[in-house]
Amino acid sequence: LRERMTEGGLQTGQSAPTRSSLLQKLRSAADEGGDISALVVQRVLRELSIEEHVDSVMEHAEVEGLVIRAGHGRWTFLE
């Protein structure tokens, strides 16, 4: 878990975006209420060629206090 929470935990096919730039892209992809689904997260990860699991990425965001789980496969970004 500790390794997944560091920058080195991202597995990419090309140069890796930073964790903060990934989270910014995810926040931008969320709807106007700040909600994001696992499908949208997966799409963003695919666009960035990141081979990390959706749950791993979003668990990291939860640990940082950036999102809360809003249900199965759904999260809400906090202000």
What residue pairs, at least two apart or across chains, pass salt bridge (charged side-chain N to carboxylate O under 4.0 Å, His left out) with a residue in residues 20-32?
none
Between E52 and L22, is any pair of side-chain heavy atoms under 4.5 Å apart?
no
Could you tell me the separation between the CD atom of E64 and the CD atom of E59, rounded to the nearest 0.5 Å?
13.0 Å
Would you give the length of the straight line joining atom CD of E51 to atom CZ of R46, rounded to the nearest 0.5 angstrom?
12.0 Å
Please name the residue in the list V44, L45, L48, V67 that meets the side chain to side chain contact (heavy atoms under 4.5 Å, CB included) test with L26.
V44
Donor-acceptor pairs are to be reported for all side-chain atoms of residues 69-78 against protein atoms at under 3.5 Å, with residues two or more places apart or in another chain.
residue : atom : partner : partner atom : Å
R69     : NH2  : E62     : OE1          : 3.3
T76     : OG1  : D35     : OD1          : 2.5

Test of understanding: with side-chain hydrogen bond (donor to acceptor under 3.5 Å, both in side chains), list the residues that count as partners of R43, not counting sequence neighbours.
E47
